[in-house]
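Heads up: numbering here begins at 1 and tracks the sequence.
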Amino acid sequence: QSGEIDITHHTMTAIPQEDYESIESLDNVKTVYGLPITNQSAFIQTANIPDARVRQALLYAIDRNQLVEQLLKGHGEVVDGFLSSASPFFDDSIEPTPYDPEKAKELLAEAGYPDGVEVELYYGTYGVMQAECELIQAQAKEAGFNIKLVGMDGASVKTLWALQNTDAPAGMRLQNNIIPKSDPYTQMEYIFGENAIQNCSRWIDAEYQELLKKVKVTFDRDEAKTMLDRMQDIGLEQMPTVVLQAGPRRSALADHTMGVYF
């Protein structure tokens with residue numbers, strides 16, 4: 001607005017869509033939406049919620065299409081698995097899990113929680129994070145999830161949930177994951193590697209880790225794709241994280257800028 005900044009580039013979660021639309025309306029600014037490369041996810045600390053059925057129930061308990069429509073104004077998509085459709089290794093055979101609170105209740109009952117469960121959801125208090133958590137809290141209540149929201153500044157939540165922090169809390173953390181990274185290994189190691197700082201689910205699966213080692217050293221893209229498909233299948237079976245929605249990165253440029261490519 002003041003003309004002091006030539007270019008901004010950020011995720012869909014950094015500022016609310018309404019604010020971005022006010023930037024779009026400026027005469028001296030042009031805006032760009034990129035590919036849906038940012039996955040917003042609820043990472044679940046598996047040691048404290050060890051039954052995969054409880055974690056799977058959370059996926060059924062959230063209306064992810066509503067998240068896309070309400071938070072991103074339709075500029076996004078719902079995907080299952082750890083990769084977005086912008087990745088060349090995306091598995092388009094995986095159908096997104098539908099919103100089904102009754103199915104969620106069934107899974108909770110099978111896991112021994114017929115009266116529901118209580119869980120904390122940690123998030124950074126910036127952008128749309130709080131608004132998203134409040135939506136998740138309201139949606140999941142019908143299925144039996146009593147979610148307590150715990151907001152703090154972004155640096156604090158990263159430190160609190162870091163893998164090396166032995167005092168990390170139980171519950172879940174809202175976190176975005178930029179996709180794709182430089183190669184498949186970096187992508188999958190970043191979120192679930194044995195020593196990954198932001199493996200806040202603390203999910204260390206033997207088969208996943210073995211495939212991760214093989215992906216690191218293969219130059220065959222078809223072979224890598226096969227292994228990545230299996231790694232995503234393992235994730236859907238064990239559900240260490242619920243992928244909520246994928247959104248694009250957005251850019252705003254002063255109208256005098258030229259030669260900027262994304």
Side-chain angles (χ1 to χ4, degrees), residues 13 39-64 67 80 82 97 101 103-177 188-206 208-209 234-245:
T13 56
N39 273 9
Q40 184 85 325
S41 303
F43 282 73
I44 307 166
Q45 197 184 118
T46 53
N48 297 97
I49 306 177
D51 196 317
R53 291 171 295 187
V54 177
R55 305 193 295 266
Q56 290 165 350
L58 184 67
L59 181 62
Y60 285 101
I62 299 172
D63 186 347
R64 297 180 293 164
L67 299 182
D80 284 358
F82 305 141
T97 301
K103 175 67 174 177
K105 289 178 184 177
E106 290 176 14
L107 286 167
L108 287 179
E110 289 174 13
Y113 300 97
D115 299 321
V117 295
E118 293 186 4
V119 62
E120 292 180 330
L121 175 56
Y122 289 74
Y123 64 95
T125 51
Y126 58 89
V128 301
M129 301 291 260
Q130 181 165 330
E132 177 150 13
C133 287
E134 288 173 350
L135 258 180
I136 292 168
Q137 181 187 48
Q139 291 174 351
K141 189 172 184 178
E142 182 182 348
F145 283 92
N146 181 13
I147 297 177
K148 177 185 176 183
L149 303 184
V150 184
M152 56 184 64
D153 67 88
S156 295
V157 78
K158 281 177 179 277
T159 301
L160 185 65
W161 278 82
L163 184 69
Q164 300 93 328
N165 181 12
T166 56
D167 297 324
M172 306 181 293
R173 175 193 165 188
L174 194 68
Q175 175 181 324
N176 58 50
N177 182 31
M188 306 303 263
E189 195 278 338
Y190 175 80
I191 49 176
F192 293 122
E194 286 186 279
N195 299 303
I197 293 173
Q198 290 303 308
N199 182 357
C200 48
S201 290
R202 287 163 164 69
W203 179 64
I204 310 294
D205 176 80
Y208 182 98
Q209 297 301 326
I234 297 169
L236 289 171
E237 292 163 7
Q238 298 191 30
M239 202 60 65
T241 180
V242 172
V243 179
L244 300 166
Q245 81 273 359

Legend entry - Greater than 12 external heavy atoms within 6.0 Å of Ile197's CD1: no

Legend entry - Closest contact, heavy atoms only, Pro169 versus Leu160: CD-CG, 3.6 Å

Inset, instruction - Nearest 0.5 Å please: distance from the CG atom of Asn48 over to the OG atom of Ser201. - result: 11.0 Å

Inset, instruction - Could you grab the distance from atom CD1 of Ile136 to atom CG of Leu244, nearest 0.5 Å is fine? - result: 4.5 Å

Legend entry - 4.5 Å side-chain heavy-atom contact, Ile147 and Met172: yes

Inset, instruction - With the side chain counted from C-beta on, respond yes when Arg55 and Val242 share a heavy-atom pair under 4.5 Å apart, and no when they do not. - result: no

Legend entry - Value rounded to 0.5 Å, distance of CD in Gln175 from CE in Met129: 8.0 Å

Legend entry - Crowding at CD, Glu118 (>12 non-hydrogen neighbours, <6.0 Å): no

Inset, instruction - Classify the angle between the aromatic ring planes of Phe192 and Phe82 as parallel (below 30°), tilted (30 to 60°) or perpendicular (above 60°). - result: tilted

Inset, instruction - Can you tell me which residue pairs pass the ring pair (Phe, Tyr, Trp, His ring centres under 6.0 Å) test with a partner in residues 105-140, sequence neighbours excluded? - result: Tyr122-Trp161

Legend entry - Non-hydrogen atoms of Ile62 and Leu67 that approach each other most closely: CG2-CD1, 4.0 Å

Inset, instruction - Measure across Glu142 and Pro101 and return the closest heavy-atom pair with its distance rounded to 0.1 Å. - result: OE2-CG, 3.8 Å

Inset, instruction - Would you indicate whether the side-chain heavy atoms of Arg173 and Gln198 approach each other to under 4.5 Å? - result: yes

Legend entry - Smallest separation among heavy atoms of Cys133 and Leu121, with atom names: SG-CD2, 3.7 Å

Legend entry - Residue pair Glu110 / Asp51, side-chain heavy-atom distance below 4.5 Å: no

Inset, instruction - Return the minimal non-hydrogen interatomic distance between Ala143 and Ala61, and the atom names on each side. - result: CB-CB, 3.6 Å

Inset, instruction - Identify the two heavy atoms, one from Ala52 and one from Gln238, that lie closest to each other, and give their separation to 0.1 Å. - result: CB-O, 3.8 Å

Inset, instruction - With sequence neighbours left out, write down each residue that passes ring pair (Phe, Tyr, Trp, His ring centres under 6.0 Å) with Phe145, or none if nothing qualifies. - result: none

Inset, instruction - Can you measure from OG1 (Thr97) to CE (Met239) and round to the nearest 0.5 angstrom? - result: 6.0 Å

Inset, instruction - Could you tell me the separation between the CG atom of Asn39 and the CD atom of Gln245, rounded to the nearest 0.5 Å? - result: 8.5 Å

